[in-house]
Amino acid sequence: MNEKRLMTGGEAMLEVLFREGVDTIFGYPGGGIMPFYNSLYDYTDRIRHILMRHEQGCVHAAQGYARTSGRVGVCVVTSGPGATNTITGLADAMLDSTPIVVISGQVPLSLLGSDAFQEVNFVGLSQVVTKWTCQIKHASEIADVMARAFYIARSGRPGPVSIDFTKNAQQELVELNYKPLNFIRGYVPSPEPDMEQIKEAARLINSAKKPMALVGQGVTLAGAEKALDEFLRKSGVPAGATMLGLSAIPSDHPQYLGMLGMHGCYAANIKNEDCDLLIALGMRFDDRVTCAVNKYALNAKVVHLEIDPAEINKIIKADAPVLGNLAETLPLLTEAIETRQHNEWMNELKEANQEEYEKVIKGALHPTEGYIKMGEVINAVSTAYGDNAVLVTDVGQQQLMATRYFRFRSPRSVVTSGGLGTMGFGLPAAIGAKLGTPERDVCLFVGDGGLQMTIQELTTILQTEVDVKIILLNNFYLGNVRQWQEMFFDHRYSFTDLIDPDFELVAKANKIGYTCVEKREDLAAAVAEMKASKGAFLLEVRVEREDNVLPMVAPGAGVGDMMLEYKK
Amino acid sequence: MVMSNNTEKKEFVITVFSENKVGLLGQITSIFTYHNVNIESLTTSESAIAGIHKFTIVVCETPERVERMVKQVEKRVDILKAFVYEPEDVVMQEIALYKVALHKNVEQLVRRYQLRILEISDDYIVIEKTGHKNETAELFEELKPYGVYQFVRSGSIAVVKSRRELLDEYLEHMNQLRERLENESSNN
């Protein structure tokens, strides 16, 4: 359906967004994008604009929206600094395969390349942190470029796309002829499944004695959670999840071991050497998962189901690569394997996890004395929401603790910056996450350091009334760096000690409900108060200052050397 | 592509086919920069297929790293396909130009190497030599005593030893896919 009427490029862009089903955009106006904003004024009945307080907030919110909704997140900013402020979010979305489209204003064509006011070579700048980038020089290009932009962002292995929108293109008149795209000759979003590869993978799975499945975000991105469950039940294979793979498998799944990697569960790490087969499902063997690569999977063959050919053999050599979309390959693989049980092996793994429970988890979740521990707060919040809230985290100790101890019952329940590790991601991402799934509860865990990096977004909450529950785990430290300084830098706490603002006043200034907990006996009531509150809430919990995230694989060590305890 | 599993650096010729679009060269070279790999030579030109560009890149690297980089290159939108060759799999050529002083010994060299003379003036002569890098470098050394005013060598260009471009298979596959998608959408 294309109207035969002339419209400005700005309006044409909005029409495109509307036809692509975009209902929310996260933006910040400025000179280079003003004609678009002028048109947006007429589109507020169709497209909701969330005015963030910084362009970094815009892009992280778009990421949060994309992660919970499964749709493309859209962010609109002005040229120059508006555009450069989105770079961190683009890089973050690139590493975490998040579909977003960032539309940034640009100086008019007549000024391009002249170092004009608020001009920056954004196509050049964004190229290495995006899946695709393109400049729109004339309004006549909008339809083709945007059809490509949305197709590339959402298809195959999703990722960020940036569009540089010149001001003259926003002003020129054009007759829009929009047609969504599903083909580009120089782009293969998803390789077609190869039955030979699947047979070989099945052969290895059928003959494995001690296999382990590694669940990555690829499962979520493919919407293959049910296929995963069927595969696991038929194969009997125990499974761990990467940080981004969390919630693709329910936390109480009988074959679920826990999170993988540096601060993951004990069994998946300590028993890695015993594995004779690793079945990687939409994951990329990040170094926070493998730790020392030369000590990883020493006795295991590797089956690698992956949509992106560039991930095969990148870090860990695959004995049986299976290229394709997991929604297609996983059911084919399940079909090809024999029904198995691995009870003995499973018990061996559960025993290792039991040891972790006794030495680490029990004390972290149910301490009886001393200061409040991060783990018990996370446990209390997860429980209060029936283990069915969306978890958003910032980066640092609270992230590692929350991804360890928060429990999940349904898919798309975790929003965290896994690959780039962007502090300041949490608050804006939580705003986007809530708007992406308004019917669900969204709980953000954030530290005092990360909250201050994007704290201005509390005012976005004031203006838009987004219902985000913020749990501030405050240790008055940049806790994760402090932990490393304690463990590996001889207790030299170089610039990690924080003097914080009065968060109660900050919350009040933004008309956000607030309570602070310092004593264990007050925790449950405070969590209940937060849950019962209408609208956003900031729950500050003063936690043990020098609590460490354990267990841990030390930097440079292999997963087999994971330590359960650390003597202070 | 089958690659030996060693970590020794050696010469590889990478050919990349792309759509004829702005900015792809920058994307390709930035992937090499990201992997901290020096490009020995790079040339670009039209390929035998209309509208499709061909890059010929020579690097000296380990097979693993070359495989990793080439996959990253191929992943970029509008890059059609990339192939990796060892020098013996392709017919390679380079061209070099030498601007040298007039000297009686130069004539002997012209005869011995069967060089082409492009221009002669009162005080210099411009010589062309085609050949592999070691050959053009050898001539440079020979000319040096007589005064080389200017010297330039092109990047390597290469054609594969198979009859057609290996890209054809990919293009046929993608054309079929396009037709299938078009039929599907017209049926809906």
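Reminder, nothing fancy here: chain letters follow the sequence lines and each chain counts from 1. Excluded from the calculations below are hydrogen atoms, water molecules and symmetry mates; all remaining heavy atoms, backbone and side chain alike, are included. Note that this is a predicted model, so its numbers are computed, not measured.
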Hey, is [atom1] on [X] packed in by over 12 heavy atoms from elsewhere, all under 6.0 Å?
X      : atom1 : result
A:D115 : CG    : no
B:K161 : NZ    : yes
B:E128 : CD    : yes
B:E141 : CD    : yes
A:K301 : NZ    : no
B:E135 : CD    : yes

Return all side-chain donor-acceptor pairs below 3.5 angstrom for residues 30-40 of chain B, not counting sequence neighbours, or 'none' if the list is empty.
from: B:S30; atom 1: OG; to: B:Q27; atom 2: O; distance (Å): 3.3
from: B:T33; atom 1: OG1; to: B:T29; atom 2: O; distance (Å): 2.9
from: B:H35; atom 1: ND1; to: B:I31; atom 2: O; distance (Å): 3.0

Subject >> Part of A:E192 lying under 4.5 Å from any heavy atom of chain B >> reply: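 Interface part for A:E192: side chain.
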
Original post:
Quick one: are A:Y187 and B:L80 in side-chain contact, heavy atoms under 4.5 Å?
Top reply: no

Original post:
Under a 4.5 Å cut-off applied to non-hydrogen side-chain atoms, are A:I184 and B:E19 in contact?
Top reply: no

Subject >> Backbone of A:I312 reached by a side-chain donor or acceptor of B:K71 within 3.5 Å >> reply: yes

Original post:
So how far is it from A:R185 CZ to B:D78 CG, rounded to the nearest 0.5 Å?
Top reply: 9.5 Å

Original post:
So which of A:N313, A:D308, A:T133 has the biggest tally of heavy-atom pairs under 4.5 Å with chain B?
Top reply: A:D308

For [X], is it the side chain, the backbone, both or neither that has a heavy atom under 4.5 Å from a heavy atom of chain A?
X     : answer
B:L24 : neither
B:R65 : neither
B:K21 : side chain

Subject >> Between B:R76, B:E182, B:Q72, B:R68, the one whose heavy-atom pairs under 4.5 Å with chain A are most numerous >> reply: B:R76

Original post:
Which residues from residues 141-155 of chain A are near chain B, with near meaning under 4.5 Å between non-hydrogen atoms?
Top reply: A:R148, A:I152

